[in-house]
Amino acid sequence: MGLSETMKALGDPIRREILNMLKEGTMTAGDIAARFDIAGASVSYHLSQLKNAGLIFEKREKNYIYYSLNASVLEEVLLWLTSLKGEKEDEK
């Protein structure tokens with residue numbers, strides 16, 4: 001996974017909303033899909049894009065797939081964005 005995949009995944013408002021939902025805790029694919037007025041296949045596509053970008057984890061248990069937030073990738077993006085400001089530690 002690279003920064004370009006991560007930024008592409010973050011560029012979509014539905015994917016950003018999924019990330020907001022997952023910050024509250026782990027959810028099943030069905031729970032996520034129930035909150036959107038789009039086809040289940042579209043939700044699956046968005047989840048796949050988030051997973052490929054490393055922004056979420058997927059865990060399969062019996063007949064369910066659970067998704068959770070991978071905050072470490074988001075922290076890396078925030079650190080990179082913060083570094084663009086060019087501030088040094090003693091300037092803060």
Side-chain angles (χ1 to χ4, degrees):
M1 97 196 90
L3 184 59
S4 60
E5 290 88 5
T6 302
M7 298 306 277
K8 179 180 175 187
L10 291 171
D12 186 277
I14 291 176
R15 293 194 277 264
R16 290 193 305 269
E17 181 58 30
I18 291 170
L19 293 174
N20 276 323
M21 291 165 37
L22 291 175
K23 74 180 180 185
E24 303 300 325
T26 302
M27 297 179 74
T28 66
D31 290 338
I32 294 168
R35 298 209 187 168
F36 293 98
D37 190 25
I38 59 175
S42 293
V43 173
S44 293
Y45 172 77
H46 289 296
L47 289 168
S48 174
Q49 294 299 306
L50 290 168
K51 184 179 161 200
N52 290 340
L55 292 165
I56 61 174
F57 295 116
E58 175 185 278
K59 182 179 179 184
R60 294 176 183 267
E61 288 185 14
K62 298 185 182 180
N63 295 335
Y64 296 96
I65 302 174
Y66 293 90
Y67 293 93
S68 58
L69 191 62
N70 180 3
S72 64
V73 172
L74 292 172
E75 289 172 1
E76 288 177 30
V77 171
L78 285 174
L79 286 172
W80 177 74
L81 289 171
T82 302
S83 74
L84 292 177
K85 288 175 57 178
E87 290 182 357
K88 296 179 183 161
E89 280 297 315
D90 56 354
E91 293 177 356
K92 292 181 182 179

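Note that the coordinates shown come from a computational prediction; the quantities given were computed from them, not determined experimentally.
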Exercise for the section: Spell out, yes or no, whether F57 and V73 are grouped together once hydrophobic residues are joined by side-chain heavy atoms under 4.5 Å, including indirect joins. Expected result: no
Handout entry: Counterpart residues, salt bridge (charged side-chain N to carboxylate O under 4.0 Å, His left out), relative to K51 (two or more places apart)
Key = E58
Completion exercise
dist E17:CD -> R35:CZ (nearest 0.5 Å) comes out at 8.0 Å
Exercise for the section: Take V77 and M7 through the test side-chain contact (heavy atoms from CB on, under 4.5 Å) and record every step on the way to the result. Expected result: CA-CA 9 Å; V77 171; M7 298 306 277; 4.2 Å; yes
Exercise for the section: Check the pair D12 / H46 against side-chain contact (heavy atoms from CB on, under 4.5 Å), numbers first and verdict last. Expected result: CA-CA 9 Å; D12 186 277; H46 289 296; 3.5 Å; yes
Handout entry: In one Ile/Leu/Val/Met/Phe/Trp/Tyr side-chain cluster, 4.5 Å: I32, L74
Key = yes
Exercise for the section: I would like to know whether E5 and N52 meet side-chain contact (heavy atoms from CB on, under 4.5 Å); could you show each step before the answer? Expected result: CA-CA 8 Å; E5 290 88 5; N52 290 340; over 6 Å; no
Handout entry: Rounded distance (nearest 0.5 Å) linking atom OG1 of T28 with atom CD1 of I65
Key = 9.5 Å
Practice task
Using side-chain hydrogen bond (donor to acceptor under 3.5 Å, both in side chains) as the criterion, list what pairs up with S44, not counting sequence neighbours.
Solution key: none
Handout entry: Same cluster (ILVMFWY, side-chain, under 4.5 Å), Y66 and M27
Key = no
Exercise for the section: Give a yes or no on whether the backbone of L10 and the side-chain of R16 come within a donor-acceptor separation of less than 3.5 Å. Expected result: yes
Handout entry: Joint cluster assignment, I56 & L78, ILVMFWY side-chain distance < 4.5 Å
Key = no
Completion exercise
Heavy-atom nearest pair, A9 first then Q49, reads CB-O, 4.1 Å
Practice task
Could you state whether M21 and Y64 fall into the same hydrophobic cluster, counting links through intermediate Ile, Leu, Val, Met, Phe, Trp or Tyr residues with side-chain heavy atoms under 4.5 angstrom apart?
Solution key: no
Practice task
To the nearest 0.5 angstrom, please state how far the CD atom of E76 sits from the CG atom of N70.
Solution key: 8.5 Å
Problem - Working for side-chain contact (heavy atoms from CB on, under 4.5 Å), residues F36 and I18 - result: CA-CA 10 Å; F36 293 98; I18 291 170; 3.7 Å; yes
Practice task
Kindly compute the distance separating OH (Y45) from CD1 (I14), expressed to the nearest 0.5 Å.
Solution key: 11.0 Å
